[in-house]
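Below is one structure, written out as structure tokens; the observations come after it.
Since the model is a prediction, treat every value here as computed from it, not as a measurement. Naming: A, B, ... by sequence-line order, numbering from 1 per chain.
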There are 2 protein chains.
Amino acid sequence: MAIQPPTGQQSSVMREKLQQAGLRTTKQRLMLAHLLFGSGNRHVTAEILYAEASKTGLGVSLATIYNTLNQFHEAGLLREVIIDQNRSYFDTNLHEHHHFFVESDARLIDINEDEISLGQMPDAPDGFQTDSIQVVIRLKDA
Amino acid sequence: MAIQPPTGQQSSVMREKLQQAGLRTTKQRLMLAHLLFGSGNRHVTAEILYAEASKTGLGVSLATIYNTLNQFHEAGLLREVIIDQNRSYFDTNLHEHHHFFVESDARLIDINEDEISLGQMPDAPDGFQTDSIQVVIRLKDA
DNA sequence: GTACGTGCAAACGTTTTGCAGCGGG
DNA sequence: CCCGCTGCAAAACGTTTGCACGTAC
């Protein structure tokens, strides 16, 4: 096995992930992919990801963060969660699932699949089809 | 019975509504209340309401539209529906209910209460309590 | 009369865009 | 080598705010 480049062992995995999505494997995208997909499911805003990315040696501009999040989203690597008027959230968990939203600190929490079950859901009105079903449970401090 | 002011017969109804909410009955608020509550349940954005208000004789500034929507919301006369990243929706239907969202034209449609039933919903995590449960079914053109 | 509402314009925070230069394929 | 990506700054967008004036009570 070849010696890994300084960007870390995960590089080749992330490299493949980007290539499969039809995206060029630039330094910034590899680094962001590593932050996003390197450690389980995550919910990020541009601001959060920018803060993390800024801590790494590699510099990234906020514009690139936005561009990259949008590209990853279009490429199907991320889901968008519309839950807060003030910022966009992206979720690395691609399965249809639902969320708690803690209003006091703008934090998103996955609802465990076996804790929720939908009852009867309506058919889409004539001329439309259902794209997705999203359940949001807003939480306040007890 | 006294002769009604030129603002129309509904004025006294709206006047009471505002007074009960602890809001002063200004010309603008009465006009906006009439647009919002005068004809069944509605889903409005600031932009939509501004367009309608501008058509009436009475002038209103966009800032007043925003202020008024927020005040009505705080006073409990409107519900906020977070469903679109680009604009805030307000709903005159105060009951907990759910929505279709037509992505192609950013339109909100109420889901009839008897067409939907929730199954098992999770308890709020420790330290929190459920504030609201919102189901959004996103629609695309068939 | 006075506290609150309104209108305007300017400020705000988030997100997008135009463009010159860099770098992956 | 070329086209796409990056960074920066500027623009765009919906929304909020500061202040002078007007008005409900």
## Note on the structure
Min and max contacting nt of DNA chain D in 5' to 3' order, chain B heavy atoms within under 4.0 angstrom, are D:dG14 to D:dC25

### Task
First locate atom CG of A:Asn86, then atom CD of A:Glu47, and finally report the distance between them rounded to the nearest 0.5 Å.
12.0 Å

### Query
So how far is it from B:His98 NE2 to A:Gln134 CD, rounded to the nearest 0.5 Å?
12.5 Å

Group every Ile, Leu, Val, Met, Phe, Trp and Tyr by side-chain heavy-atom contacts under 4.5 Å, then state whether [X] and [Y] land in the same group.
X: A:Leu108; Y: A:Ile137; value: no
X: A:Leu78; Y: A:Leu30; value: yes
X: B:Ile82; Y: A:Ile83; value: no
X: A:Val44; Y: A:Val60; value: yes

### B:Phe128 six-ring face occupied by A:Lys140 cation (under 6.0 Å, within 45°)
no

Does [atom1] in [X] sit with more than 12 non-hydrogen atoms of other residues, nucleotides or ligands closer than 6.0 Å?
X: A:Glu113; atom1: CD; answer: no
X: B:Asp114; atom1: CG; answer: yes
X: B:Asp126; atom1: CG; answer: no

How long is the line joining [atom1] of [X] and [atom2] of [N], in whole Å?
X: A:Ile65; N: C:dT14; atom1: CD1; atom2: P; answer: 14 Å
X: A:Met31; N: C:dG24; atom1: CE; atom2: C1'; answer: 17 Å
X: B:Lys27; N: C:dG5; atom1: NZ; atom2: C1'; answer: 11 Å

### Near-strand residues of residues 17-25 of chain A, defined as heavy-atom separation under 4.0 angstrom from DNA chain C
A:Arg24, A:Thr25

Please enumerate all protein N or O atoms sitting under 3.5 Å from an N or O of nucleotides 16-18 of chain C, with distances to 0.1 Å.
residue: C:dT16; atom: OP2; partner: A:Asn70; partner atom: OD1; Å: 2.9

### Task
For B:Asn67, check side chain to side chain contact (heavy atoms under 4.5 Å, CB included) against everything at least two apart and list the hits.
B:Gln71

### A:Ser54 side chain to A:Tyr50 backbone, donor-acceptor under 3.5 Å
yes

#### Entry: Donor-acceptor side-chain pairing of A:Asp91 and A:His97 below 3.5 angstrom
yes

### Summary
Correct closest heavy-atom pair for A:Gly40 and A:Thr92 would be O-OG1, 3.9 Å

### Query
Between B:Thr26 and C:dT6, is there a side-chain N or O to OP1/OP2 distance below 4.0 Å?
yes

### Message
Does a side-chain N or O of B:Arg29 approach OP1 or OP2 of C:dT6 to a distance below 4.0 Å, or not?
### Response
yes

### Task
Evaluate the side-chain proximity of B:Val81 to B:His99: yes if any heavy-atom separation is below 4.5 Å, no if none is.
yes

### Query
How large an angle, rounded to 10°, do the end axes of the helix from C:dG1-D:dC25 to C:dG25-D:dC1 enclose when each is built from five base pairs?
30°

### Query
Near DNA chain D, which residues from residues 80-92 of chain B have a heavy atom under 4.0 Å away?
B:Asn86, B:Arg87, B:Ser88

